[in-house]
> 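Take this structure, written in structure tokens, and hold onto it; I'll ask about it next.
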There are 2 protein chains.
Amino acid sequence: MSATVQRLAGTQPSLDPMIHLVAEDMLRVNDAIRNRMTSEIPLIPELAGHLIAGGGKRMRPMLTLASARLVGYSGSKHHGLAAAVEFIHTATLLHDDVVDGSDLRRGKRTANTIWGNPASVLVGDFLFSRSFELMVESGSLRALKILSNASAVIAEGEVNQLTAARRVDLAEDRYLEIINAKTAALFAAACRIAAVVADRPEAEETALDAYGRNLGIAFQLVDDAIDYTSDAGTMGKDAGDDFREGKMTLPVILAYARGDAEQRAFWKDAVEGRRDSDEDFAQAIGLVQSSHSVADTMARARHYGQQAIDAIAPFPAGAAKDAMIEAVEFAVARAY
Amino acid sequence: MSATVQRLAGTQPSLDPMIHLVAEDMLRVNDAIRNRMTSEIPLIPELAGHLIAGGGKRMRPMLTLASARLVGYSGSKHHGLAAAVEFIHTATLLHDDVVDGSDLRRGKRTANTIWGNPASVLVGDFLFSRSFELMVESGSLRALKILSNASAVIAEGEVNQLTAARRVDLAEDRYLEIINAKTAALFAAACRIAAVVADRPEAEETALDAYGRNLGIAFQLVDDAIDYTSDAGTMGKDAGDDFREGKMTLPVILAYARGDAEQRAFWKDAVEGRRDSDEDFAQAIGLVQSSHSVADTMARARHYGQQAIDAIAPFPAGAAKDAMIEAVEFAVARAY
């Protein structure tokens, strides 16, 4: 009887209620983002704007704003903090693309492809620093502590992932540890700080942290699954990107663990960079399907999604809670 | 009658008085550095330790500690802040070496050469985040504001330098702007935060800021000069590194401005990467000498050094003031 199955047949869950809920607040956040992206060095707003203006759902700041609604916050400290969260995320993406040597993100050329790695590293550093300036202005030392800790955890997760890269025998536990740090920590912090600025009891902080963390994991796992579905083009992500980069993701971990010797050899070759053709990808899709690895990755995602929904159960009913529940349903329904 | 010329003939200025002054406090700073470098991911302390343990004078945290003495601070908030300053500096060096593609630093292989660019980028991010955690723990929002602003200014300066790279006609003003941001801003912030945690009047903050800023510029200019002196090996820096990397520094700016057409063509070739042999470097040394560019770079450095010394004139006499004056004299005397 999960919330996911209560939905009436035929209605697709959507992010629209959340987008609608925070629309007013998001204007303030966008102002803060625009103001803090500026610099006398033209390359900075140019490069940062490429990523910040270039689409993306602004999921993380949206979660800060929605969480603030959920706890009934009526101040304005969360606008700058939400912008800071987006800056941390953007800085991370810039550095990620350098680290992974990626050419494309959200269907556009990556900043490092256009302006080079050095510029991407340095503008990332600039955005990191600006994010801390924004946090300092919020005046909340506790929010600062939560977000600076999340930043350190993200960097730690990235290094962990780097040392795990190209290792086909990565354990599911270790992988969960990595995405917990790389992705879920910022989702958790984004939600939690809303309770902090609203000066709510610790139980609400913890509940929002759990909501964000589980939603973050669910999001990442669905992203992993989408990469191995053939109609992914419409999802804002190209199918096969992870495969061609030899990325270890949950579908690969499951397919490898469940495979016979020959299949394991195939995955080892793929992860170590020796299989990246269209035929190889077609074969990979076949293997993740026959081993139920994509379906089970989605099942894992629904499990975390359900935990996210249950985490906010104690909050009063209302538009904020409905929107946050539907955001989870949207996240886990994306692959279908 | 500058302080620099008051020194008795035969005594070389030294950093020792400052090192002695802050020795006790530095033990606390080193504890904080060691504690915050740890991580469950072994690569992080390994890579960070390579740079942090690997020599370096810890000039910046030393300045925080000495400035705290100067203003009579008796608390302990500055230990964590001094460690944060060193982390910002270390993160910057890690990213700098990636951006410049450098192989050697302080005579040792750079981290990016040993562990690769991705690891250097990510561990730099980790140290940045940890530096903010340390700052948050100090509990001083004003110190946080000063240091997060300095971080943004540094990154901005780096991008500015990047866009100026390989341009032989860089103006002295623009170069000063760059080193003001890249180097002097952190020196200034390192000194200023001591007055902030000690809750001293704004005039003292401003004075310490000016001391640090001018000392930082002097330091950088002397570094620039040392690169074009043949006995630089003993100074912890190899002569010719800047030249071989085609770096624009003040000696090059002056020699280019003062050169004839043929000499300008030589510098253009050098800066654009077409001259990096030992013979080319010998020719460069000849040109900077004959145009007095190294001597005048040193004269500029002494000018800023004198401003640094005058900035702290209003503070009471004592061991802290003496040590801070001698540190400036040491900085500008290094090339001789």
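Just so it is clear, the values below take in all heavy atoms, side chains as well, and ignore hydrogens, waters and symmetry mates.
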> Any idea which of A:Gly157, A:Gly116, A:Ala152, A:Pro42 has the most non-hydrogen atom pairs under 4.5 angstrom with chain B?
A:Ala152
> If we define contacts as heavy-atom pairs under 4.5 Å, which of B:His95, B:Arg130, B:Lys145 has the most with chain A?
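Most heavy-atom pairs within the cutoff with chain A belong to B:His95.
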> Less than 4.5 Å to any heavy atom of chain A: does that hold for the side chain of B:Thr163, its backbone, both, or neither?
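The side chain, not the backbone.
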> Parallel, tilted or perpendicular: which one describes the rings of B:Phe132 and A:Phe132, with boundaries at 30° and 60°?
parallel
> Check the pair A:Glu133, B:Ser148 against side chain to side chain donor-acceptor pair (under 3.5 Å), reporting the backbone distance first and the verdict last.
CA-CA 6 Å; A:Glu133 288 193 280; B:Ser148 59; 4.9 Å; no
> Start with the C-alpha distance between B:Asn117 and A:Asn117, add both sets of side-chain angles, then the distance that settles side chain to side chain contact (heavy atoms under 4.5 Å, CB included), and finish with yes or no.
CA-CA 10 Å; B:Asn117 285 339; A:Asn117 285 338; 6.0 Å; no
> If I measure from the heavy atoms of chain A, does B:Leu162 come under 4.5 Å with its side chain, its backbone, both, or neither?
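Side chain only.
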> For B:Leu141 and A:Gly139, which heavy atoms make the closest approach, and how far apart are they?
CD1-O, 3.6 Å
> Relative to chain A, which segment of B:Asp125 carries a heavy atom at a distance below 4.5 Å: side chain, backbone, both, or neither?
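Both parts, heavy atoms under 4.5 Å.
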> Look up atom CG in B:Leu122 and atom CD1 in A:Ile154, then write down how far apart they are to the nearest 0.5 Å.
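Rounded to the nearest 0.5 Å, the CG-CD1 separation comes to 11.5 Å.
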> Below 4.5 Å, heavy-atom pairs only: which of A:Met135, A:Glu158, A:Glu156 has the largest tally toward chain B?
A:Glu156
> Are the ring centres of A:Phe128 and B:Phe128 closer than 6.0 Å?
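No; B:Phe128 has its ring centre 6.0 Å or more from that of A:Phe128.
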> To the nearest 0.5 Å, how far apart are CG in A:Leu147 and OG in B:Ser129?
11.0 Å
> Which bit of B:Glu40 is near chain A, if near means a heavy-atom gap under 4.5 Å: side chain, backbone, both or neither?
backbone
> Against chain A, work out which of B:Val159, B:Leu43, B:Leu144 has the most heavy-atom pairs shorter than 4.5 Å and name it.
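Most heavy-atom pairs within the cutoff with chain A belong to B:Val159.
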